[in-house]
Student: 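I'd like to ask some things about the structure below.
Note on naming: letters A, B, ... go to the chains in the order of the sequence lines (proteins, then strands), and numbering restarts at 1 for each one.
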There are 4 protein chains.
Amino acid sequence: MQSRSSAARATGRPRSAAADAAILEATRAALVELGWSRLTLGDVAMRAGVAKTTLYRRWAGKNELVVDAVAELFDELELPDSGSLAADIEGVVLQFAAILDRPEAKSGLMAVVAEATRDEALRERVRASIVDRQKRLVLEGRARAQARGELPVEDDPAAAAATVDLIFDMVAGAVVHRTLVSAEPVTEDWARRFAQMLLQGLTNTSPA
Amino acid sequence: MQSRSSAARATGRPRSAAADAAILEATRAALVELGWSRLTLGDVAMRAGVAKTTLYRRWAGKNELVVDAVAELFDELELPDSGSLAADIEGVVLQFAAILDRPEAKSGLMAVVAEATRDEALRERVRASIVDRQKRLVLEGRARAQARGELPVEDDPAAAAATVDLIFDMVAGAVVHRTLVSAEPVTEDWARRFAQMLLQGLTNTSPA
Amino acid sequence: MQSRSSAARATGRPRSAAADAAILEATRAALVELGWSRLTLGDVAMRAGVAKTTLYRRWAGKNELVVDAVAELFDELELPDSGSLAADIEGVVLQFAAILDRPEAKSGLMAVVAEATRDEALRERVRASIVDRQKRLVLEGRARAQARGELPVEDDPAAAAATVDLIFDMVAGAVVHRTLVSAEPVTEDWARRFAQMLLQGLTNTSPA
Amino acid sequence: MQSRSSAARATGRPRSAAADAAILEATRAALVELGWSRLTLGDVAMRAGVAKTTLYRRWAGKNELVVDAVAELFDELELPDSGSLAADIEGVVLQFAAILDRPEAKSGLMAVVAEATRDEALRERVRASIVDRQKRLVLEGRARAQARGELPVEDDPAAAAATVDLIFDMVAGAVVHRTLVSAEPVTEDWARRFAQMLLQGLTNTSPA
DNA sequence: CGTTAATCGAGACGGTACGTCAGGTCTTCAC
DNA sequence: GTGAAGACCTGACGTACCGTCTCGATTAACG
């Protein structure tokens, strides 16, 4: 989405705010029914009760549209306060897996990532809308664990940031790979074993 | 690829064996230049010096073709015998990341995974050609580590298999996520930190 | 060609009128160069500087397009007022033969007739666009001859209509057969002999 | 069809004579079911229980094959000896129309004529296999009429030949045009009127 | 309160690729 | 060498979406 040069224009008919929401919703509905590759912008426009022109005026193409439509899904994620770091990890893993299991997410996410490998701007959009946005969960989890005394406070801010990135890639990566590549379900048992293994790594690793 | 029911073969001109190889090679070349979404089967056929019909006679579509073309890439992976489990992990992670960094792999792999979310047959093909095939690395690594006494021998075969799956998803997932989703490079430093963290999990986790 | 229900026209971009003319002209040019069987709609579209879809939006296929393109050719025909029925017939026969000798006509006309044998709608289109349209020549010729007193006025309108049809089939049939089936030229001599023979039939036949 | 250098070869397996007949019969059957444009040589080969190769070894292509298949149909035509020239003409017209009404004839004949407009060799084949072959009917009819005294004997052989050609084009042309272009049935009434009109031309025209 | 200008819907436009089909040729093995 | 089988290359098919364009018809804010 784009706001047309911040301190915006005045004259002329303003853009319909409702259209944006309708389009994103229609995009998700189309992802559910058709998946990424069979989704067409013409179809999305029709579902949203909007002309194709209107859609193209707001998004550059399929990729950008789907990033925005999918990104909203991950905002539902919340870190459960379960009292222990292990339980927190387990909880967030299960939540994440539940979202990834929804067809509008699984079908769109990987496709957009695939496209992003050849499109710097899209890569940046994915990073901003999805990756960086959900790192909040790792940060929050670490803060809580440190408050509880489960994790030491890292002094070097650069090392701390690197650890956050590493943990994020490990958690998100494992869940995504399990769900989409291996195509096996993330069961409670799997989540528990994963959390346990990660915890050992976290607590016993001297910050190199 | 398909062998036409093993002991079939009776009549008619036999299929050119050279064509198969040329097509897969052309597919990878096209992936490098164009990426998944701009790759067309017509173009692949032309590059391979083959008619479109020949291509369609052997593969059902773009998805199936690309799975086969990409799967071959991962066969290069070898577990380095570096003397310690940590070094083995680090080594394979760097190798894996190097392959994933090649445009023919990154562009194709995620796209195929995305398509597989809506296509059971394709999912099975990915599992057979890529996932299960590369689990050999985890199995071999574990065997070596057990021989060295770095890892205990698990008695329960079911639990052992679950661990293999878990480790595979964690390693592959982390590298894929780092490379393609976070879009950050897998440096030697990152690989060392990751290996260290995983190792802690492996050696300190009581097989629940 | 179709006018979309005359008083329709409400919304959307209107169809380009220029495109229609360009397409028909390109069709005739392609008929000259390639003939019916080698003519492709893709090529016609390219010649006309138009997208294939534009062409298919207006005509259902090659047959319909060629009927329209060829029909226009016969509109050039004019009944010469030469003072006698014999000369009138002779003149129109030579004109007709001249048109049939042009490659865009000979190549397209028979092919369309061949297709029409299996396609009722096409048959109707040929009848409307070509046959009925050119019967005007027979009607006009008869009127003049009656004015000159060369032919009696038939009283029974049904019999008169049947005679018109018969004459039309005899004239057009003979010229077409001579030109396309026998593949011999229609010379002035042939036209004179034909006109003479027909005239005898016309003037001496008691209207059964 | 071609006979391989008259005083033919010896060595190798001889061509199956049955195949020729089967192919021509299959061609006619395919014309009935599919018409010219949808008829495919692959399909004909299958119907005839013959390989495509066999078919191509004997005919150069679709056009040549269909000419041969259709030409046989017209060999059925026979001049009825009805006692008067008018009745003879009427009879042959009705016979000819009956053949032209059969789908294997109407669909194939015009298509072949259309192709022949751009193919000298094909034109020659049509002339030899169909046109010249059926002129026998006109010749025979004239001879009988002369024997009966209905027609004078023409002295100039060139003029006589020209008249035969003219009559042939007039008869065949009118019937073909009526049947295929105007797409109206040739009724007994039409045939009678046509014969009458032609007769007047024949008997009253001084051989210019 | 009537301009004014960007919005909206609709749908035609020039393109590109699709997956299929037929035409003819070539290669294999059996006769 | 003929024959059936079927793979091969070529090229056209008719369709589907793409992203752009041209319409006439709404809207608001501005003047």
Student: If I compare all heavy atoms of A:A69 with all of A:R28, which pair ends up nearest, and what's the gap?
Tutor: O-NH1, 2.8 Å
Student: To the nearest Å, give me how far apart CG (A:D43) and P (F:dC18) are.
Tutor: 9 Å
Student: Do you know the tightest heavy-atom contact between A:L55 and A:L41?
Tutor: CD1-O, 3.8 Å
Student: Please report, rounded to the nearest Å, how far the P atom of E:dG19 is from the CH2 atom of B:W59.
Tutor: 15 Å
Student: Find the distance B:I23:CD1 to F:dA7:P and express it as a whole number of Å.
Tutor: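 Distance check: B:I23 CD1 to F:dA7 P gives 14 Å.
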Student: Expressed as a whole number of angstroms, how long is the span from A:L39:CG to F:dG19:P?
Tutor: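 Rounded to the whole Å, the gap is 12 Å.
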Student: Between C:T54 and B:T40, who's closer to the 5' end of DNA chain E by nearest nucleotide?
Tutor: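 First, find each residue's nearest nucleotide; the 5'-ward one identifies C:T54.
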Student: To the nearest Å, give me how far apart CZ (C:R47) and P (F:dA12) are.
Tutor: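 Whole-Å distance recorded here is 12 Å.
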Student: Please pick, from F:dG19, F:dA7, F:dA5, the nucleotide with the shortest atom-to-atom distance to any side-chain atom of D:K52.
Tutor: F:dA7
Student: Calculate the interatomic distance between A:L65 atom CG and F:dG19 atom P; express it in whole Å.
Tutor: 11 Å
Student: So does D:E115 pair up with D:K62, basic N to acidic O under 4.0 Å?
Tutor: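 No salt bridge links D:E115 with D:K62.
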Student: Closer than 4.0 Å, any side-chain N/O of A:R13 to the OP1 or OP2 of F:dA29?
Tutor: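 For A:R13, the contact criterion (side-chain N or O under 4.0 Å from OP1 or OP2 of F:dA29) is not met.
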Student: Could you state the atom-to-atom distance from CZ of A:R57 to P of F:dC21 in whole Å?
Tutor: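 Those two atoms, CZ and P, are 13 Å apart.
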Student: Does A:I130 offer a backbone N or O that forms a donor-acceptor pair with the side chain of A:R125 under 3.5 Å?
Tutor: no
Student: Determine: side-chain N/O of D:R58 to OP1/OP2 of F:dT2, distance under 4.0 Å, yes or no.
Tutor: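 Indeed not, no polar side-chain atom of D:R58 lies that close.
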Student: Is C:R15 close enough to E:dA10 that one of its side-chain N or O atoms is under 4.0 Å from OP1 or OP2 there?
Tutor: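 Negative; the distance criterion is not met.
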Student: Send over the distance from C:M46 CE to F:dG11 P, rounded to a whole Å.
Tutor: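 Atom CE in C:M46 sits about 14 Å away from atom P in F:dG11.
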Student: Please say whether more than 12 non-hydrogen atoms of neighbouring residues, nucleotides or ligands are located less than 6.0 Å from CZ in B:R38.
Tutor: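 At most 12 heavy atoms, drawn from other residues, nucleotides or ligands, come within 6.0 Å of this atom.
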Student: Students often get this wrong, so: under 4.0 angstrom with heavy atoms, is C:L55 touching a base, only sugar-phosphate, or nothing?
Tutor: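 It contacts nothing in the nucleic acid.
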Student: Specify the residue among C:G42 and B:G49 whose closest nucleotide of DNA chain F lies further upstream toward the 5′ end.
Tutor: B:G49
Student: Judged by each residue's nearest nucleotide on DNA chain E, which is more toward the 5′ side, C:A19 or B:L41?
Tutor: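 The residue whose closest nucleotide sits nearer the 5' end is C:A19.
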Student: For D:T53 and for A:R38, locate the closest nucleotide of DNA chain F by heavy-atom distance; then report the residue assigned to the nucleotide nearer the 5' terminus.
Tutor: D:T53
